Amino acid sequence: MNDSDTNKNTFAVTTPLYYVNDLPHIGSAYTTMVADVVARFERMRGKSVLLITGTDEHGQKIQRTAEAAGRSPQEHCDRIAAGFEALWQKLNIQYDRFSRTTSPRHEAIVKQFFQKVWDSGDIYLGQQKGWYCVSCEEFKEERDLLEQHRCPLHPNREVEWRDEQNYFFRLSKYQSQLETLYQNQPNFIQPETRRNEVLNFVSLGLQDFSISRVNLDWGFPIPVDPSHTIYVWFDALLAYITALLDPDSEPTLENALSKWWPINLHLIGKDILRFHAVYWPAMLMSAGLPLPGGVFGHGFLTKNGQKMSKTLGNTIDPIELSDRYGADAIRYYFLKEIEFGQDGDFNETRFVNIVNADLANDLGNLLNRTLGMVKRYCKGHVPNCSAEDIPTDHPLKAIGLTLGSRVAQAYESLAFGEAAIAIFTLIRASNKLIDEQAPWALYKQGQQQAVEQVLYSVLESVRLSAYLLSPIIPNISSEIYQQLGFSTNFNDQTQINDSASFTMNTAWGALPADQTLGEPKPVFVRLELS
RNA sequence: GGUUCUGUAGCUCAGAGGUAGAGCGUCCGUCUCAUAAGCGGGUAGUCGUGGGUUCGAGCCCCACCAGAACUACCA
């Protein structure tokens, strides 16, 4: 993320606009969960946040898929887009904009943006020449072909020589500007390994790329030549800008860019890195616009160590998964257990083990056992002791005092696993403290004050942990807060969206003495392997 | 072929040149406040292989082996 963003109080983050070729897969769900966690964290610390997601709906593939299903392209897109929105509900994603490339407002933005690039002289009519595989619908490089000009994927067919007119974008012109960008803003592309790929790619020399297609209807016409259709990518990237429009404002570039631009962070899968890290900034340079804060290309997911594919039949259905296990468990596993940036594996046994160990055994049970004791030994109220009475070297306070800033730092650098690990250090220390201090024994010995100090410090540690985990597991955190006697609901943006509340809640000792506690009830029921 | 990344306990991963770490799993012990949860302890690693630099190397250099990504218009 960009350092210069810290003095702005807005934060815009995007997921890819998912291609509506099919219903959402687990990879899309993963990116979107991450985006939601980032958005929730930034909201919590008081920023105005815009979480943008949506669907990319143009292109030949869509047209064909729709035809094959006996529907019009728009009908098809509507159905799939609805499927995405339904999944985001299940996963408790709080998106602010759902941007669809087929919307009329988008067309207006595309036209205006095209005009800017056109005025810069960066679009020209050229010849797209090359070997074309009809089965792939794709131009092939000579060196990739087999003998007798046969496509490696369709060796029984010869490729055809095509020579058609296309509009091109002058990408080559931006080579050195892009290289300067990568140099001056090392975080523009993350993680490091993705950055290296792009640097290598760009250093080989950039060629102009075509931004129009002929013989294709499903898309917007090129404004200066309606016989051509705008290439899907050129149109899709611009939908990030369209998404910035307020719902009731005129669809002009000026309006779209007025509040939220530049976008702080684009979260993407590694498969679409080049479009975001090379084409997109070049397009923006051509249009004379400021550039986004950065692009993060995460890895792919495997299942039991194997690539997922429809033909292998080993895909994970995110809808079924969330129906079976619930949003928080899934969010926790993907955020905590998968190193963000690297490829990650989903293994159901491992998933159940981790989630049970952390959320049920360590965290949930900690709250439950403590509330039980408070009920018995302190009449169901937060013990009447203030945090100042607890020494700074107290095992929980010592961790709690710096936890907030360490976790915030981790979230900021998108190191979600690190954030969770830090929080669980406090949770485990709390379980340990209870065993060491044995409040039940202290109580029998009549050491009421000692009992209260132990229980207060544990409840406060649970509170702090729940607060810091709330971007990842908002439902569980809300439940914990309610059992601690607060009315906080972390899904309600109006309750948590200010920086004063962030400062207060991340401080150790925010739990008010004497607060009436709720009824102890498991906040996370252990999962069974089905 | 070229470029880059990865290879550390059964699993997932941390590891600033100076006596190998965490979580999960597994085994043993143990408290009783609790969601058959908690806590303690044990278990397990030729740190991919072979060289080199260094008083000393998972950590630096070279080679090799294995896996992965990128190498332009598929979203």
Side-chain angles (χ1 to χ4, degrees), chain A residues 16-21 55-62 101 128 130 136-141 143-144 166 168-169 171 191-211 213 231-237 268-275 278-279 297 299-300 305 336-339 342-345 347 349-350 352-377 417-418 420-421 424-425 428 430-441 443 451 454-455 458 520-526:
Chain A
L17 303 182
Y18 302 108
Y19 205 56
V20 291
N21 200 38
T55 42
D56 174 12
E57 308 185 349
H58 285 136
Q60 194 153 44
K61 212 185 244 178
I62 300 301
T101 59
Q128 173 74 276
C136 293
E137 289 287 5
E138 194 176 308
F139 284 95
K140 299 284 176 182
E141 292 291 318
R143 62 167 186 271
D144 292 332
N166 277 172
F168 281 76
F169 171 68
L171 181 65
E192 189 78 25
T193 125
R194 300 271 96 82
R195 178 170 188 266
N196 291 340
E197 282 177 17
V198 173
L199 291 181
N200 182 240
F201 172 78
V202 173
S203 72
L204 295 173
L206 293 174
Q207 295 171 24
D208 300 344
F209 70 99
S210 75
I211 57 165
R213 294 287 185 274
Y231 173 50
V232 268
W233 263 115
F234 194 84
D235 143 18
L237 288 162
I268 58 167
K270 64 186 183 185
D271 51 330
I272 53 176
L273 181 65
R274 185 187 308 146
F275 296 98
V278 182
Y279 293 14
F300 283 162
K336 148 84 191 332
E337 205 54 20
I338 288 169
E339 178 75 13
Q342 297 177 20
D343 286 356
D345 189 51
N347 174 287
T349 304
R350 184 174 168 67
V352 169
N353 281 342
I354 294 283
V355 157
N356 280 347
D358 288 0
L359 301 182
N361 299 353
D362 286 354
L363 174 59
N365 184 51
L366 173 63
L367 174 67
N368 199 241
R369 67 193 297 210
T370 310
L371 285 179
M373 288 186 277
V374 172
K375 205 172 171 183
R376 202 175 296 193
Y377 309 141
E418 206 178 285
I421 285 168
F424 273 84
T425 307
R428 296 200 182 92
S430 299
N431 274 316
K432 183 170 180 167
L433 184 80
I434 292 176
D435 278 63
E436 285 173 351
Q437 296 295 313
W440 49 91
Y443 181 74
V451 170
V454 172
L455 296 183
V458 172
K521 191 176 77 190
V523 293
F524 182 80
V525 178
R526 290 170 61 82

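When reading the values below, keep in mind they use all heavy atoms of this one structure, side chains included, and skip hydrogens, waters and symmetry mates. A, B, ... follow the sequence lines: proteins, then strands. Residue 1 opens every chain. In this text the structure is predicted, and so the values were computed from the model without any measurement.
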Taking only N and O in the side chain of A:Arg526, is any of them less than 4.0 Å away from OP1 or OP2 of B:A37?
-> yes
Examine B:A34: is either OP1 or OP2 under 4.0 Å from a nitrogen or oxygen in the side chain of A:Arg376? Give yes or no.
-> yes
Sticking with atom P, work out how far B:G15 lies from B:G21, rounded to a whole angstrom.
-> 15 Å
Whole-angstrom distance between B:U12 and B:G7, as gauged at atom P = 12 Å
Ring-face cation of A:Lys270 near A:Phe300 (centre distance under 6.0 Å, axis angle within 45°) = yes
Side chain of A:Asn353, base of B:G25: donor and acceptor closer than 3.5 Å?
-> no
Contact class for A:Gly205 vs. all strands (heavy atom < 4.0 Å): base, sugar-phosphate, or nothing?
-> base
Integer angstrom distance from the C1' of B:G42 to that of B:G25 | 14 Å
In whole angstrom, what separates A:Leu204's CG from B:C73's P?
-> 14 Å
Applying a 3.5 Å limit to both distances, which nucleotide forms a Watson-Crick or G-U wobble pair with B:A63?
-> B:U49
Counting any heavy atom closer than 4.0 Å, what does A:Asn356 reach on the DNA or RNA strands: base, sugar-phosphate only, or nothing?
-> nothing
Side-chain N,O (A:Lys432) to OP1/OP2 (B:G40) below 4.0 Å = yes
In Watson-Crick or G-U wobble terms, both distances under 3.5 Å, what is the partner of B:U26?
-> B:G42
Quantified in whole Å, what is the C1' atom distance between nucleotide B:U8 and nucleotide B:G48?
-> 10 Å
Here the distance between atom C1' of B:U6 and atom CZ of A:Arg194, to the nearest Å, is 12 Å
Determine whether any donor atom in the side chain of A:Thr370 lies under 3.5 Å from an acceptor atom in the base of B:C33, or the reverse, and answer yes or no.
-> no
May I have the distance from A:Asp358 (atom CG) to B:U12 (atom C1'), rounded to whole angstrom?
-> 12 Å
When all nucleic acid strands are considered with a 4.0 Å heavy-atom cut-off, which category describes A:Pro522: base, sugar-phosphate, or nothing?
-> base
Within the modelled atom types, does a donor on one side and an acceptor on the other bring the side chain of A:Asn368 and the base of B:A34 under 3.5 Å apart?
-> no
Watson-Crick or G-U wobble mate for B:G56, both contacts under 3.5 Å = none
Touch class at under 4.0 angstrom, heavy-atom based, for A:Gly364 against every strand present = base
Check: A:Phe524 and A:Asn356 side chains under 4.5 Å, non-hydrogen atoms = yes
B:C13 P sits how many Å from A:Gln342 CD, rounded?
-> 7 Å
So what does A:Glu192 hit on the nucleic acid, given a heavy-atom distance under 4.0 Å: a base, only sugar-phosphate, or nothing?
-> nothing
To the nearest Å, give me how far apart CG (A:Asp343) and P (B:A69) are.
-> 8 Å
When we call it a touch if two heavy atoms are under 4.0 Å apart, what does A:Phe524 touch: a base, just sugar-phosphate, or nothing?
-> base
Taking the side chain of A:Asn200 as its heavy atoms from C-beta onward, which of B:A72, B:G2, B:G38 lies nearest to it?
-> B:G2
Contact class for A:Val523 (heavy atom, under 4.0 Å): base, sugar-phosphate, or nothing?
-> base
Given B:A72, B:C11, B:C74, which nucleotide is nearest the side-chain atoms of A:Lys61?
-> B:C74
Does A:Tyr443 have any ring pair (Phe, Tyr, Trp, His ring centres under 6.0 Å) partners at least two apart in sequence or in another chain, and if so, which?
-> A:Tyr377
How many Å lie between CG on A:Asp362 and C1' on B:U35, as a whole number?
-> 12 Å
Atom CZ of A:Arg213 and atom P of B:C74 are separated, to the nearest Å, by 6 Å
From NZ (A:Lys336) to CG (A:Leu359), nearest 0.5 Å = 9.0 Å
Whole-Å P distance, B:A34 and B:G17 | 49 Å
Euclidean distance for P, B:C64 against B:G2 (whole angstrom) | 10 Å
Would B:G40 be called syn or anti, given that syn covers angles within 90° of 0?
-> anti
Starting from P on B:U12, measure out to CD1 on A:Ile338 and report it in whole angstrom.
-> 12 Å
C1'-based separation of B:C62 from B:U53 [nearest Å] | 11 Å
Determine the interatomic distance between P on B:C5 and the same-named atom on B:G18; round to the nearest Å.
-> 23 Å
Watson-Crick or G-U counterpart of B:A68, or none if no pair lies under 3.5 Å | B:U4
Under 5.5 Å between ring centres and under 30° between planes: does that hold for A:Trp440 against the base of B:C33?
-> yes
Mind checking what makes side-chain contact (heavy atoms from CB on, under 4.5 Å) contact with A:Phe201, not counting sequence neighbours?
-> A:Leu206, A:Arg274, A:Val278
